[in-house]
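Just so it is clear: chains get the letters A, B, ... in the order the sequence lines come, proteins before strands, and each one is counted from 1.
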2 protein chains.
Amino acid sequence: MYSLAEENYIKTIFHLQQTKKGVVSTNAIAESMDTKASSVTDMVQKLSEKKVLSYVKYKGAQLTEEGKKIATRIVRKHRLWEVFLVDKLEFHWDEVHEIAEQLEHIHSTELIKRLDKFLGSPAFDPHGDPIPDEHGNFVKTEKKLLSQLHKSQFGICVGVKESSTEYLQYLDKKKISIGTKINVLGKEFFDGSMVIEVGTNQFFVSKKIADNLYVQTL
Amino acid sequence: MYSLAEENYIKTIFHLQQTKKGVVSTNAIAESMDTKASSVTDMVQKLSEKKVLSYVKYKGAQLTEEGKKIATRIVRKHRLWEVFLVDKLEFHWDEVHEIAEQLEHIHSTELIKRLDKFLGSPAFDPHGDPIPDEHGNFVKTEKKLLSQLHKSQFGICVGVKESSTEYLQYLDKKKISIGTKINVLGKEFFDGSMVIEVGTNQFFVSKKIADNLYVQTL
DNA sequence: TTTATTTTTTAGCCAAGGCTAAAAAATAAT
DNA sequence: ATTATTTTTTAGCCTTGGCTAAAAAATAAA
Ligand SMILES: [Mn+2]
Ligand SMILES: [Mn+2]
Ligand SMILES: [Mn+2]
Ligand SMILES: [Mn+2]
């Protein structure tokens, strides 16, 4: 059984090594967790002792297979609880992350098994992120960022990269959610900004906006 | 915001002062929480500082109004989650307590508000214990112990005093659950044992069994 | 009303998980 | 190839929430 602190480190390192490809630096972990590098060093050494990750001084950390398994279980719990909060308790997608951060640490495999069944074994969470199955397998989807589309292409919104309250509320205001069709009417090469069409609405989006929305083109 | 440890102390003291009427001793808390009296002294002094309880050295502790409010909120959460686990996830009533012990510490008033609504604002948990409303009011029910009934009286099972797995599983085996009608066919004055009828079944119950089952007589 | 027993508190120690400041290693710049 | 800068680790300290052993207070017995 891992402590709350340990679980949070494992989860953070898991997410970091997805993007940062491979080894994760002490500083990256510290920044991501809003803590100090010295604290990270301590914990990473401890988790290395426990064979949850491999760690080379001054080089960085990398989860072992065991570590990835633990991380995946936490991610599964987090996302299932988010589905519960949105589908059953009618929370809005920008309100659920903080609560799921707490719920993901509830220990009970039976609970998750039953929750999953109760929710109809969803494959994606409310933000379009895949929910690993009980064996830890993620579905592989090819999706691209809205910013990668060209003029006159269109895509279906399938997820968000950033899921801050501010960003999600912006999307709401613009009536964009999972499943929404988006037409690219124009694209400015200078700054990457776009003019898009959502339903009957046409409006301008900055590159920052377009860089955080995943779409599926068919 | 109170820590996990603080919340558990507050909850325990709340339950103890229900029965023990008033002030709760250091030793009683220690025994109930399976910890040492010296640890209790420390925590009780700290909670006294925080005005959660009043505490007189060598006399004992007693929750303040604020303390009772905190405790009530935790009890409400615990029991609502138990209803969720049984009604929605189809857990059995003897399996939910441990999980609810964890879930009761999730912090979010909005979550509880919505969970309560989702469950249809239940008044009782799966063990027949009343769920305080959002203002902390418990419904007052007059119930008595099965052991207090006389020969040829009958009662409807409305709850259990003990809710250990062993006891709940015994009740299951005997097909007794909330709402079950129980006829007292005979009562032995020497040891308080009874012969009761449940459905078409007639069997013997010890005083210990009868002492832990709440019934309503009309 | 002393004496014995039980209950409670105090004193001192420990592990987990933080922090700051200083040292050391790695990397970048001259 | 040095020197400067950045990154990372180490050393030492703090708080929380435990523990044991000894002291003190309250209660029960004689
Ligand atoms: Mn989330
Ligand atoms: Mn999510
Ligand atoms: Mn319970
Ligand atoms: Mn209960």
Side-chain angles (χ1 to χ4, degrees), chain A residues 1-14 16-17 19-63 67 70-71 74 101-102 104-105 107, chain B residues 1-14 16-17 19-63 67 70-71 74 101-102 104-105 107:
Chain A
M1 194 72 66
Y2 296 89
S3 73
L4 179 62
E6 288 171 331
E7 288 195 349
N8 281 330
Y9 272 97
I10 293 168
K11 185 184 51 151
T12 298
I13 295 167
F14 180 77
L16 286 175
Q17 73 183 22
T19 42
K20 298 286 187 298
K21 284 302 168 205
V23 150
V24 181
S25 78
T26 302
N27 254 13
I29 299 168
E31 184 179 12
S32 174
M33 298 188 70
D34 200 31
T35 184
K36 293 297 149 79
S38 55
S39 304
V40 173
T41 301
D42 279 352
M43 181 58 94
V44 149
Q45 285 172 344
K46 186 175 143 200
L47 291 175
S48 175
E49 276 301 313
K50 295 197 179 183
K51 307 288 185 204
V52 162
L53 49 80
S54 64
Y55 166 66
V56 185
K57 264 191 184 180
Y58 291 104
K59 286 294 173 187
Q62 188 162 25
L63 294 182
I70 299 163
I74 300 170
E101 285 288 300
Q102 298 179 61
E104 72 187 5
H105 300 288
H107 294 294
Chain B
M1 193 70 67
Y2 296 89
S3 73
L4 179 63
E6 287 172 331
E7 287 195 349
N8 281 329
Y9 271 97
I10 293 168
K11 187 184 51 153
T12 298
I13 295 167
F14 180 77
L16 285 174
Q17 73 182 22
T19 41
K20 298 285 186 301
K21 284 304 169 205
V23 151
V24 181
S25 78
T26 302
N27 255 12
I29 299 168
E31 184 179 12
S32 174
M33 298 188 70
D34 199 33
T35 185
K36 294 296 148 78
S38 55
S39 303
V40 173
T41 301
D42 279 351
M43 182 56 95
V44 149
Q45 285 172 343
K46 186 176 142 198
L47 290 175
S48 175
E49 277 301 313
K50 294 196 180 183
K51 308 287 184 204
V52 162
L53 48 80
S54 63
Y55 167 66
V56 185
K57 263 189 186 181
Y58 292 103
K59 287 293 173 187
Q62 188 161 25
L63 293 181
I70 298 163
I74 299 171
E101 286 288 301
Q102 298 179 60
E104 73 187 5
H105 300 289
H107 294 294

dist Glu104(A):CD -> Asn8(A):CG (nearest 0.5 Å) comes out at 6.0 Å
Is [X] close enough to [N] that one of its side-chain N or O atoms is under 4.0 Å from OP1 or OP2 there?
X	N	answer
Asn27(B)	dT6(C)	no
Thr35(A)	dC19(C)	yes
Tyr58(B)	dT10(C)	no
Ser39(B)	dC19(D)	yes
Lys36(B)	dG18(D)	no
Ser3(B)	dG17(D)	yes
Lys57(B)	dT8(C)	no

Just the rounded figure in Å: distance from [atom2] of [N] to [atom1] of [X].
X	N	atom1	atom2	result
Lys50(B)	dT15(D)	NZ	P	14 Å
Ile10(B)	dG17(D)	CD1	C1'	15 Å
Ile29(B)	dT8(C)	CD1	P	9 Å
Asp42(A)	dT10(D)	CG	P	9 Å
Leu4(A)	dG17(D)	CG	C1'	15 Å
Asn8(A)	dG18(C)	CG	C1'	14 Å
Gln45(B)	dT16(D)	CD	P	14 Å
Met1(B)	dT16(D)	CE	P	16 Å

Check [X] against [Y] and note the closest heavy-atom contact, atom names and distance.
X	Y	value
Ile10(A)	Gly67(A)	CG2-O, 3.6 Å
Gly22(B)	Gln17(B)	O-CB, 3.1 Å
Lys50(A)	Tyr2(A)	CD-CE2, 4.3 Å
Leu53(A)	Leu63(A)	CB-CA, 3.8 Å

Base, sugar-phosphate, or nothing for Ala5(A), non-hydrogen atoms under 4.0 angstrom? sugar-phosphate
Look at all strands and tell whether Thr26(B) reaches a base, only sugar-phosphate, or nothing, counting heavy atoms closer than 4.0 Å. sugar-phosphate
May I ask you to verify whether the side chain of Thr41(A) and the base of dT10(D) hold a donor-acceptor pair under 3.5 Å? no
Pair assignment for DNA chain C - dot-bracket with | for other-strand partners, Watson-Crick or G-U under 3.5 Å: ||||||||||||||||||||||||||||||
Identified side-chain contact (heavy atoms from CB on, under 4.5 Å) partner of Ser32(B) from the options Asn27(B), Thr12(B), Ile13(B), Val24(B): Thr12(B)
Would you mind reporting whether Glu7(B) and His107(B) have side-chain heavy atoms less than 4.5 Å apart? yes
Looking at Glu31(B), I want to see if its CD is surrounded by more than 12 non-hydrogen atoms of other residues, nucleotides or ligands under 6.0 Å. no
